Amino acid sequence: VPSCIGTTPNSCYELVVADFPEVAQVLGKKQEDGGLLHRLDTETEGLLVFAKNQEFYDSMMQEQVSNNFIKTYTAYCSIEKSPIQKKSINLLPRVLESYFRPFGEKGATVKPIFNLETETKANKKKCGKKLYTTKIVSIESFLENKSTKLLKIKCQITQGFRHQVRSHLGSQNLPVFGDKLYNPFHPEAETMLFFASGLSFLNENYTMSEDSLDEIAKRTFL
């Protein structure tokens, strides 16, 4: 589903509450959030979880605190066949851990701060004090044309910061295809190929269809 949350017409929250009005009665982090348990970036599509009662909401919040609420993202990332982007690209699974600071005009983007000891005073001052972890689970070749190679990358997080996975991937020269904030290539792409594709909590797993995601990526890329 689209990720817009709030009181705007046809947002996810409004659509869910229309069918399940009890969601609005849950006391969430903010009054306007109701039983919303986590957020997605505006451009991201995929899975969201809402609580219909306070007991489930409170238990899920504890799952998040205990790092037992695992969110999986499928990203289709582009490597340009040019010296600009080909340098220093690591295609191995790994764990990325950083702080974040707002960056750019009006803090529109975030920048990962990996090592405070080597950062500038401005970065040290403006970054948060909490570390965020993105686990790159797998990287595989997907499609390519004359100028661009598309990779399919699976990532997992338990606690997230705004744009966390997108920013982390961009910092590794693996920007998401169609990401207008973190990928300077292909600004004409209508769809950002980044999906909240899986959720795991309370010993249950929920996933989107891999075939469906691959088909969207093929149509958009080609």
Side-chain angles (χ1 to χ4, degrees), residues 3 5 28-29 33 36-49 59-79 88-104 107-120 122-140 151-177 179 181-183 192-208 210 213:
S3 63
I5 300 298
K29 289 183 177 180
D33 286 352
L36 174 68
L37 282 158
H38 65 110
R39 292 179 176 273
L40 299 179
D41 298 335
T42 302
E43 303 87 351
T44 305
E45 297 186 8
L47 304 177
L48 279 173
V49 180
S59 67
M60 284 299 299
M61 292 305 294
Q62 184 57 48
E63 286 285 286
Q64 294 194 52
V65 171
S66 302
N67 291 319
N68 292 325
F69 185 17
I70 302 172
K71 308 169 189 83
T72 299
Y73 291 85
T74 300
Y76 297 84
C77 301
S78 58
I79 295 179
S88 302
I89 296 179
N90 180 355
L91 298 180
L92 296 175
R94 56 196 177 276
V95 174
L96 304 173
E97 187 176 59
S98 78
Y99 305 94
F100 283 98
R101 62 151 290 188
F103 203 75
T109 62
V110 298
K111 178 181 178 181
I113 305 299
F114 291 103
N115 188 342
L116 288 178
E117 294 183 359
T118 60
E119 285 295 336
T120 64
N123 283 344
K124 291 179 181 179
K125 182 178 179 180
K126 294 181 179 181
C127 76
K129 304 303 179 184
K130 182 177 178 179
L131 281 168
Y132 291 89
T133 301
T134 298
K135 181 179 180 181
I136 299 179
V137 178
S138 63
I139 302 177
E140 59 184 79
L151 303 175
K152 182 178 180 179
I153 301 179
K154 287 288 189 67
C155 298
Q156 290 182 339
I157 65 173
T158 54
Q159 298 188 38
F161 192 85
R162 179 171 63 98
H163 302 171
Q164 175 180 328
V165 179
R166 294 161 56 191
S167 179
H168 267 163
L169 289 173
S171 74
Q172 307 298 298
N173 292 315
L174 296 168
V176 176
F177 185 87
D179 188 340
L181 291 180
Y182 300 99
N183 190 345
M192 183 175 70
L193 297 180
F194 185 69
F195 306 92
S197 59
L199 295 172
S200 177
F201 55 88
L202 300 177
N203 297 317
E204 298 287 347
N205 298 308
Y206 305 89
T207 59
M208 296 181 70
E210 288 290 319
L213 297 182

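Note that this is a predicted model, so its numbers are computed, not measured. Hydrogens, waters and symmetry mates are skipped; everything else that's a heavy atom, side chains included, is used.
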Should [X] and [Y] count as side-chain neighbours, where that means a heavy-atom distance under 4.5 Å?
X: Cys155; Y: Leu96; value: no
X: Phe195; Y: Thr44; value: no
X: Leu169; Y: Tyr182; value: no
X: Asp179; Y: Phe194; value: no
X: Met192; Y: Asn183; value: no
X: Leu91; Y: Leu151; value: yes
X: Met60; Y: His38; value: no

**Request:** Anything under 30° is parallel, anything over 60° is perpendicular, the rest tilted; go ahead and classify Phe161 against Phe100.
**Result:**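 Geometry flag for Phe100 against Phe161: parallel rings.
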**Set of salt bridge (charged side-chain N to carboxylate O under 4.0 Å, His left out) partners for Lys111, sequence neighbours left out** =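 Counting only residues at least two positions away or on another chain, Lys111 forms no salt bridge (charged side-chain N to carboxylate O under 4.0 Å, His left out).
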**Message:** Using a strict threshold of under 4.0 Å (side-chain N to carboxylate O), is an ion pair present between Glu119 and Lys126?
**Reply:**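 Looking at Glu119 together with Lys126, the answer is no, because their closest N to O distance does not fall below 4.0 Å.
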Within the side chain of [X], is there an N or O that forms a donor-acceptor pair under 3.5 Å with the backbone of [Y]?
X: Thr74; Y: Ser197; answer: no
X: Lys71; Y: Thr158; answer: yes
X: Asn90; Y: Leu92; answer: yes
X: Gln64; Y: Leu37; answer: yes

Show me the side-chain donor-acceptor pairs of residues 132-140 shorter than 3.5 Å, one per line, residues at least two apart or across chains.
| residue | atom | partner | partner atom | Å |
| --- | --- | --- | --- | --- |
| Thr133 | OG1 | Glu97 | OE2 | 3.4 |
| Thr134 | OG1 | Gln164 | NE2 | 2.9 |
| Thr134 | OG1 | His168 | ND1 | 2.8 |

**Message:** If I compare all heavy atoms of Glu117 with all of Lys124, which pair ends up nearest, and what's the gap?
**Reply:**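 That closest heavy-atom pairing would be O-NZ, 4.1 Å.
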So, taking the atom named [atom1] in [X] and the one named [atom2] in [Y], what distance separates them when rounded to the nearest 0.5 Å?
X: His163; Y: Asp41; atom1: NE2; atom2: CG; answer: 4.5 Å
X: Leu48; Y: Leu40; atom1: CG; atom2: CG; answer: 4.0 Å
X: Gln159; Y: Ser66; atom1: CD; atom2: OG; answer: 9.0 Å
X: Ser78; Y: Leu174; atom1: OG; atom2: CG; answer: 9.0 Å
X: Thr118; Y: Ile113; atom1: OG1; atom2: CD1; answer: 9.0 Å
X: Phe103; Y: Asn123; atom1: CZ; atom2: CG; answer: 7.0 Å

Result block: side-chain N/O donor-acceptor pairs under 3.5 angstrom for residues 200-208, not counting sequence neighbours:
| residue | atom | partner | partner atom | Å |
| --- | --- | --- | --- | --- |
| Ser200 | OG | Asn205 | OD1 | 2.8 |

**More than 12 heavy atoms of other groups within 6.0 Å of Lys29 NZ** = no
